[in-house]
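These notes concern the structure reproduced below.
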Amino acid sequence: MTQSPPAPPEVSAPVAPPPGKTRYRPELQGLRALACALVVIYHVWLDRVSGGVDVFFFVSGFLITGQLFRASLRDRVHFRATWSRFVKRLFPAMMTVLVGTMIGAYFLLPETRWEQTAGEIVASALFFENWQLAAQSADYFAQHDQASLVQHFWSLSIQGQFYLVWPLLIAAFAFVVKRFGGKLYPWLFGLLTTLTAASLAYSVYLTTADQQFAYFMSATRVWEFALGGMAALAIDKLVLPRALRIVLGWLGVAGLVLCGLVLQVGTMFPGYVALWPVVAAALVLVAGQTGTVFGADRFLSSRLLNYLGNLSFSLYLWHWPVLLFYVLLRDRPEVGLRGGAVVIAVSLLLAMLTYHLAEQPVLRAKRDVQTVGGSYRVGAATLAVVLTLAGAWQLAAVERATFVQKEDDPAHPGAEVLSPGGARAAGDVEPIPPFAALPKQYDNFTEEQCRHSDKNEVVVICTESLHPDPTRRVVVAGDSHSQQFNAALRPAAEKEGWEIISMGRGGCPLTTEAPNNPECASWNETVAQEILEIKPDAVFTMASRDAHPGRDEITPRGYVEQWQTITDAGIPVIAARDNPRFDRSLADCAEKHGVDDPSCSVSREKVYDPQPSWTAVENLPRNVHFVDFSDYFCTPTTCPPMIGNVLVYLDNNHITKAYMKTLSPMVQERVAGILDRVG
């Protein structure tokens, strides 16, 4: 989430000034190279620590706004030419990296991630990857997806949206100002000031309300582009002594370095703290070319940084997929010093090849490619290749994910093999679900089955009943671990005539204790009220949590207090022992090494104590009934990735819908027995 691309360097001379206007003052000549050097420095250092996206957006706004302003004064903005330069400079490297990433992913990436990755490659190629990631940030289950190979394209997507909209905005505004006889400079500066204030205010608000969503949101980033535009308009009017400019240059560099040490992108950005790196970058640009060996510009404009500036765009695009491919090949999350050197070396080599074999040939191609139409043809051709390959890959992923689970399938008995006298699993049978289908193995309801609570729109109530007059009504309440039991309860409900009412929210167990999550606390209050109004025959929820190697399984006091509230109203509670949680995905291990590989199983004694955690809790409510299905998640000795030819886990802690269906007879027997006893 912290990657930000350096701007593709503009090696051409600055745009000539309009008639009657002077060029930049001598000390401001070469600002384009200085700006690109800023992004290179930020990429090499700060991008790994605090997310260099803010400097990148500021510099992009600085460069393009100055060009558009001068074009508007001269004549008008030529949209086709402006966008063709964008296409010609970005598309060759972008599409080369996307194709290379797809090829590597096909051979190295688990099938569980094919469909997601193909979709994100399409989103990256069409410049809406930031919205894809924003949607996933609001999706609890998508938060369990591993790091995407192309997630670093999110900031490039915002840049693409900016380059599409900004020329239209500036041109339309210039037309209106000229039509009414106004001067463009003050009016445009006022517009940029307004956009900066409004976007920054919204960024501060949304970062507080929903930081993950704010991080990828286009509107929270507009102020960085607009502030860069303000700098482009104002910089030529600032006349400062050389000594002061030397100090400002080094202050800016120091600010960027300290920013990377002090600020944490994961919890603080974008918001007001993004002003720090943006202002630091502005100081470097204001300092300009000092013409002395003591200025920061002497280092920033060096030949080495100039060459790195040429490579920086391709280097940025390659470094992230290379890093993830290295992690996949090594099968360990840590990279280490030697691994980091390998990643940098390989990324640099690929960047050099991409720059010299893809970017430069297009920039130096024959005259027909250099025309506006030629640029668009190059862009269309490269885009068509990426979209075709991604579409074919996505179709292959969908085909591999297609399967039919039969009821009482002797080849795939699943949990039944662990029942006393249960079925035996056939050998040499492909497990179900297919690995490619695992991302779709979360249990869910249709939109038609669900409604928002009148008391709190955060609470979603879903109902499933196949009988007009149900014999029992069972509320399933809590986080994703309770909701996954719906897959086991549905077949039982159909046979018993029950109605299932689901009130679930990812990450929110049924509890009275949620001090660090106000939304979960509010959700729990409303759910308790809804349960008391519905007065179901029973509430099904979780009895424990943290059945995890290295942790002690517990029954939190907040669970017990919530049970007490429900049972005091005469409603029985059925509480199930939690399933195991792991540090890694057993399914990914099984796909890579085989389902029978011992390294893909975890010792049962590392996960479960012989006695469930609730046995140590005092003063339990009298009308709480516990069910323990741990003997169906683990054998007597291990917790394997597959039982009875059915994959048990879809990630590191959730049970597949397919396996839960095979658990249905056991769930039906125990829940029906409790309901019969409590009347």
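Position 1 is the first residue of the sequence, and the numbers go up from there.
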* Asked: CD1/I64 to OG1/T82 distance, rounded to the nearest 0.5 angstrom?
  -> 7.0 Å
* Are any side-chain N or O atoms of T220 and backbone N or O atoms of F216, one a donor and one an acceptor, separated by less than 3.5 Å? -> no
* Spacing of D651 atom CG and F582 atom CZ [to the nearest 0.5 Å] -> 10.5 Å
* Asked: Just by distance, do the side chain of S84 and the backbone of A81 share a donor-acceptor pair under 3.5 Å?
  -> yes
* Any donor-acceptor N/O pair, T382 side chain to G379 backbone, under 3.5 Å -> yes
* Asked: Counting distance only, does the side-chain N/O of S203 pair as donor-acceptor with the main-chain N or O of S199 below 3.5 Å?
  -> no
* Which heavy atom of C450 sits nearest a heavy atom of F445, and at what distance? -> SG-CB, 3.6 Å
* Separation of Y442 OH from L650 CG (nearest 0.5 Å) -> 5.0 Å
* Spacing of S148 atom OG and Q132 atom CD [to the nearest 0.5 Å] -> 8.5 Å
* To do: Kindly say whether A658 contributes a backbone atom to a donor-acceptor pair with the side chain of Q441 at under 3.5 angstrom?
  => yes
* To do: Take F225 and I158 through the test side chain to side chain contact (heavy atoms under 4.5 Å, CB included) and record every step on the way to the result.
  => CA-CA 10 Å; F225 292 103; I158 292 183; 3.8 Å; yes
* To do: Answer whether the closest heavy-atom distance between the side chains of F153 and L317 falls below 4.5 Å.
  => yes
* Note, L647 side chain near I432 side chain (heavy atom, < 4.5 Å) -> no
* Asked: Hey, is the main chain of L438 close enough, under 3.5 Å, to the side chain of K657 for a donor-acceptor pair?
  -> no
* **Nearest-0.5 Å distance, SG of residue C508 to CD of residue E519** => 7.5 Å
* Run the side-chain hydrogen bond (donor to acceptor under 3.5 Å, both in side chains) check on N130 and S155 step by step: do they pass? -> CA-CA 7 Å; N130 65 307; S155 47; over 6 Å; no
* To do: Given side chain to side chain contact (heavy atoms under 4.5 Å, CB included), test V378 with F91 step by step and report yes or no.
  => CA-CA 8 Å; V378 169; F91 273 48; 5.7 Å; no
* Shortest non-hydrogen contact from W114 toward L109 -> NE1-O, 3.2 Å
* Stepwise side chain to side chain contact (heavy atoms under 4.5 Å, CB included) check, M102 with I121 -> CA-CA 8 Å; M102 274 191 283; I121 284 175; 3.1 Å; yes
* So, do L233 and F69 sit near enough that their side-chain heavy atoms are less than 4.5 Å apart? -> yes
* To do: State, yes or no, whether a side-chain contact exists between R400 and P434 at a heavy-atom distance under 4.5 Å.
  => no
* Run the ring pair (Phe, Tyr, Trp, His ring centres under 6.0 Å) check on Y316 and H152 step by step: do they pass? -> CA-CA 9 Å; Y316 168 76; H152 60 314; 5.3 Å; yes
* To do: With the side chain counted from C-beta on, respond yes when L156 and L90 share a heavy-atom pair under 4.5 Å apart, and no when they do not.
  => yes
* Minimum heavy-atom distance between S218 and Q161, given as atom pair plus value -> OG-OE1, 2.6 Å
* **Student check: side-chain heavy atoms of Y649 and H654 closer than 4.5 Å** => no
* **Flag if over 12 foreign heavy atoms under 6.0 Å of CZ, F79** => yes
* Any side-chain heavy atom of I235 sitting closer than 4.5 Å to one from F62? -> yes
* To do: Could you tell me whether the side chain of E591 and the main chain of E111 form a donor-acceptor pair under 3.5 Å?
  => yes
* To do: Locate the shortest heavy-atom distance separating V77 from P167; write the atom from each residue and the value.
  => CG1-CB, 4.3 Å
* Out of curiosity, M230 CE to W223 CH2, how far, rounded to the nearest 0.5 Å? -> 11.5 Å
* L387 and L126: side chain to side chain contact (heavy atoms under 4.5 Å, CB included), yes or no, with the steps? -> CA-CA 9 Å; L387 295 182; L126 297 177; 4.2 Å; yes
* Side chains of F173 and L188 in contact at under 4.5 Å (non-hydrogen atoms) -> yes
* Nearest non-hydrogen partners of T208 and V204, listed with the distance -> OG1-O, 3.1 Å
* Structure fact -> All heavy atoms of A118 vs all of A390, minimum pair found to be CB-O, 3.9 Å
* Structure fact -> Partner of F86 under ring pair (Phe, Tyr, Trp, His ring centres under 6.0 Å), picked from F162, F127, W166, is F127
* Asked: Do E359 and R89 sit within salt-bridge range, that is, some charged N less than 4.0 Å from a carboxylate O?
  -> no
* Just by distance, do the side chain of E120 and the backbone of V150 share a donor-acceptor pair under 3.5 Å? -> no
* To do: Please determine if R221 forms a cation-pi arrangement with Y215, meaning its NZ or CZ atom is less than 6.0 Å from the six-membered ring centre and no more than 45° off the ring axis.
  => yes
